[in-house]
Amino acid sequence: MEKAVILKRGKEESLQRFHPWIFSGAIQRIEGKPEEGDVVTVYTNDHKFIARGHVQVGSIAVRVLTFNDEPIDQTFWNRRIATAYDLRERTGISSREDNNTYRLVHGEGDNLPGLIVDIYGDTAVMQAHSVGMHVCRMEIAKAMQEVLGDKLKNIYYKSDTTLPYKADINKDNGYLLGGNAGNISTEYGLKFHIDWLRGQKTGFFVDQRENRSLLEKYAKGRKLLNMFCYTGGFSIYALRGGAEIVHSVDSSSKAIDLTNANVEINFPGDARHTAYAEDAFDFLDRMGNNYNLIILDPPAFAKHRDSLRNALIGYRRLNAKAIEKIQPGGILFTFSCSQVVSKENFRTAVFTAAAMAKRNVRILHQLTQPADHPVSIYHPEGEYLKGLVLYVE
Ligand code: SAH
């Protein structure tokens with residue numbers, strides 16, 4: 001019997017608009033006893049084909065792979081990865097001389113819900129967020145080799161923290177190809193140590209590339225504070241941009257070690273930079289008011305909708321502290337990477353923070369994620385990174 005999901009009457013509407021998720025409440029019945037991670041065919045209540053995708057236990061029951069009646073086989077994966085690579089070629093990010101760091105697959109934005117792939121030189125780091133992508137990891141790895149050829153020497157699979165906690169599968173991390181941990185990658189001419197074995201996410205926050213590049217243009221002669229610096233991305237661009245001093249802060253001492261190492265390979269012995277392993281809120285409380293460029297790039301304060309309220313209080317507090325202490329004429333780069341915090345939510349939180357700090361604030365730029373993190377127009381939830389560049393009088 002075919003593994004199939006039959007929808008309740010009328011529940012195909014969002015799929016007709018190419019939304020890639022089917023919630024468990026939309027399902028009338030499941031046939032053929034699929035296991036978690038299997039490919040299922042989705043039918044409307046009157047038995048018309050509507051989609052094919054990966055089934056999973058949870059509120060998102062099916063993640064759609066295709067709206068065409070086609071098999072999910074090696075040819076399918078080859079085609080999808082080729083399409084994703086083609087987009088990076090067309091936007092130019094994968095073929096620049098001065099850059100070999102980019103996102104090859106951005107989940108729903110590449111019609112591959114549940115899959116993330118970042119490229120660091122000749123290494124691809126792959127993360128499955130769904131059991132279905134975990135099941136298909138070898139086919140996906142093969143497709144990447146097919147598409148990237150000699151450019152790809154290693155594929156590291158890293159899904160122990162991203163797969164559903166309860167799923168009954170072997171979640172071990174490991175190399176699917178190669179095994180070389182030579183891990184220096186280049187972003188717009190700057191070098192970064194990428195620790196995909198122990199680092200956060202795939203080892204680097206590729207999504208801030210264009211925003212780091214914008215920061216570089218504002219850095220000249222400024223006294224800069226990079227809060228939540230992780231491996232120092234913004235700091236390294238600021239040093240190249242001619243900042244007078246750069247202070248980097250992160251609560252993780254491992255992140256601070258990597259920041260120092262990244263300063264060292266780009267600007268050896270540069271006395272303009274100092275890094276502090278310290279809580280950001282404590283640092284903001286104790287620091288003086290010497291900075292005239294501050295970056296706030298905290299981790300997602302809200303992972304789920306029920307923590308939205310507290311997250312907004314967090315953004316408000318954090319931004320108020322920075323706006324209060326920044327020098328007149330200062331520039332603030334402030335971000336939220338919480339998917340459940342909308343652009344409007346975030347802007348309201350920052351607006352309230354400005355009012356609390358009693359400073360006159362203007363918006364210079366509204367920032368988001370770059371083109372290698374595309375957002376499907378049918379899946380606006382994919383737009384998770386929001387940023388504002390503010391001028392504080
Ligand atoms: N701006 C970075 C990415 C930031 S990720 C880049 O461009 O690469 C968020 C960072 O915040 C993580 O490195 C995490 O260790 C750090 N962090 C989390 N909570 C913190 C806190 N309370 N104080 C300081 N840093 C914190």
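Quick caveat, the model's predicted, so the values are computed rather than measured. As a basis for the values below, the full set of heavy atoms in this structure was taken, side chains included, without hydrogen atoms, waters or symmetry mates. Atoms within a ligand are numbered from 1 in the order they appear, just like the ligands themselves.
- A donor-acceptor pair shorter than 3.5 Å can be found between the side chains of T41 and E2.
- Using cut-offs of 30° and 60° on the angle between ring planes, the pair F23 and W21 is perpendicular.
- In terms of protein heavy-atom proximity, atom 23 (N) of ligand 1 is nearest to A280 N, 2.8 Å.
- Checked against the 6.0 Å centroid threshold, H247 and Y276 count as a close aromatic pair.
- Contact annotation: for E278 versus ligand 1, heavy atoms closer than 4.0 Å belong to the backbone alone.
- The closest side-chain donor-acceptor pair between H134 and S159, if any, does not fall under 3.5 angstrom.
- Using modelled atom types and a 3.5 Å distance limit, the side chains of Y120 and T202 yield a donor-acceptor pair.
- Closest to atom 16 (C) of ligand 1 by heavy atom, among D250, N262, L318, is D250.
- Looking at ligand 1, you'll find an N or O of S251 within less than 3.5 Å of one of its N or O atoms.
- Ring orientation note: the planes of Y378 and F18 are tilted relative to one another, at an angle of 30° to 60°.
- Of the listed options D297, D207, T259, D297 places a heavy atom closest to atom 2 (C) of ligand 1.
- Annotation: F281 places no N or O atom under 3.5 Å from an N or O atom of ligand 1; distance criterion only.
- Of the listed residues (F283, F205, F228), the one carrying the non-hydrogen atom nearest atom 11 (O) of ligand 1 is F228.
- Using a 3.5 Å distance cut-off with no hydrogens or angles, the side chains of S24 and S59 do not pair a donor with an acceptor.
- For ligand 1, the atoms sitting less than 4.0 Å from at least one non-hydrogen atom of F234 are 1 (N), 7 (O), numbered in the order shown with element in parentheses.
- Aromatic rings from Y218 and H365 are positioned such that their centres are separated by under 6.0 Å.
- From the protein, the heavy atom lying nearest to atom 18 (C) of ligand 1 is P299 CG, 3.5 Å.
- The shortest N/O to N/O separation between D279 and ligand 1 falls below 3.5 Å.
- Those atoms of ligand 1 that come under 4.0 Å of a heavy atom in S252, given as number and element, are 15 (O).
- Heavy-atom distances between R212 and ligand 1 reach below 4.0 Å in at least one pair.
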